[in-house]
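The structure under discussion appears below in the form of structure tokens.
Predicted model, so just to flag it, every value in this text is computed and none were measured.
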Amino acid sequence: MQVTSEMTGSTRSLTGQDIAALLLRLALGAMFIAHGLTKLLVWTLSGTGAFFASIGLPAWLAWPITGLELVGGALLILGVRVRWVALILALELVGASIPHIANGWMFSSSGGGWEYPVFLAVTALALSCLDGGRLGLSGLAGQHSSLNDRSS
């Protein structure tokens, strides 16, 4: 399969890196949107805030965290500014891991272990290193970083 850049008019074949970035973007984006919607529609923002307060975080963090997950997930799926969005979301996931550390490894443990949020943090960090690939809005518009352009 070949991709043509609208800005440069050049045509290049897709690489395994492009496909890997697409798969990671779609999976992580869907996961973040699902978690954001759960905070918003199931637990509600006030319920999420109460949970945050119960683990020592300010309750008001429920609003920006939910927004970050919804907007960040959508940006990942669309392939917009993937490197930075994934890095910010990786940091959020590191923060989300902290309350789970005392609960042990398995996320099925009482209170949820740290395996799932740490795995997702590493996955988001890997996506940040890959960038979005050429199958996202930034990639199709030819907005890759110069580092990616040299490695293709």
Using a cut-off of 6.0 Å, state whether more than 12 heavy atoms not belonging to W84 lie near its atom CH2.
no
Determine whether a donor-acceptor pair (N or O, by modelled atom type, separation under 3.5 Å) exists between the side chain of S54 and the backbone of F51.
yes
Would you find a donor on one side and an acceptor on the other, under 3.5 Å apart, between the side chain of T44 and the backbone of L40?
no
Got a donor-acceptor contact below 3.5 angstrom from the S128 side chain to the A86 backbone?
no
Return the OH to OG distance between Y116 and S108, rounded to the nearest 0.5 Å.
13.5 Å
As an exercise, state the distance from OG1 of T48 to NE2 of H35, rounded to the nearest 0.5 Å.
12.0 Å
Qualifying residue for side chain to side chain contact (heavy atoms under 4.5 Å, CB included) with R25, from D131, L130, V82
V82
Quick one: do M31 and L89 end up in the same hydrophobic cluster if we chain Ile, Leu, Val, Met, Phe, Trp and Tyr together by side-chain heavy atoms under 4.5 Å apart?
yes
To the nearest 0.5 Å, what is the distance between CG (L61) and CG (L45)?
12.0 Å
Would you kindly confirm whether W63 and L57 end up in one hydrophobic cluster when ILVMFWY residues are joined by side chain heavy atoms under 4.5 Å apart?
no
So do the side chains of L127 and L28 get within less than 4.5 Å of each other, counting heavy atoms only?
yes
Cluster check V118, L125: I/L/V/M/F/W/Y, side chain < 4.5 angstrom
no
Which heavy atom in A74 sits nearest to a heavy atom in I33, and how many Å separate them?
N-CD1, 3.7 Å
Side-chain contact, heavy-atom cut-off 4.5 Å: I65 with E92?
yes
When every non-hydrogen atom of K39 is compared with those of E69, the smallest separation belongs to NZ-OE1, 3.0 Å
Output yes when a side-chain donor or acceptor of D18 lies under 3.5 Å from a complementary backbone atom of R134, and no otherwise.
yes
Do the side chains of T38 and W43 get nearer than 4.5 Å, heavy atoms only?
yes
Between H100 and G111, the two heavy atoms sitting closest are ND1-O, 3.1 Å
Under a single-linkage definition using a 4.5 Å side-chain heavy-atom cutoff for Ile, Leu, Val, Met, Phe, Trp and Tyr, are F32 and I88 assigned to the same hydrophobic cluster?
yes
When rounded to the nearest 0.5 angstrom, what distance separates CG in L22 from CD1 in I77?
10.5 Å
Looking only at heavy atoms, the pair that brings W60 and P64 closest together is O-CD, 3.0 Å
Do L14 and L135 come within less than 4.5 Å of each other through their side chains, counting heavy atoms only?
yes
S97 side-chain N/O to L93 backbone N/O, donor-acceptor pair under 3.5 Å:
yes
Would V71 end up clustered with L87 when hydrophobic side chains under 4.5 Å apart are linked, directly or stepwise?
no
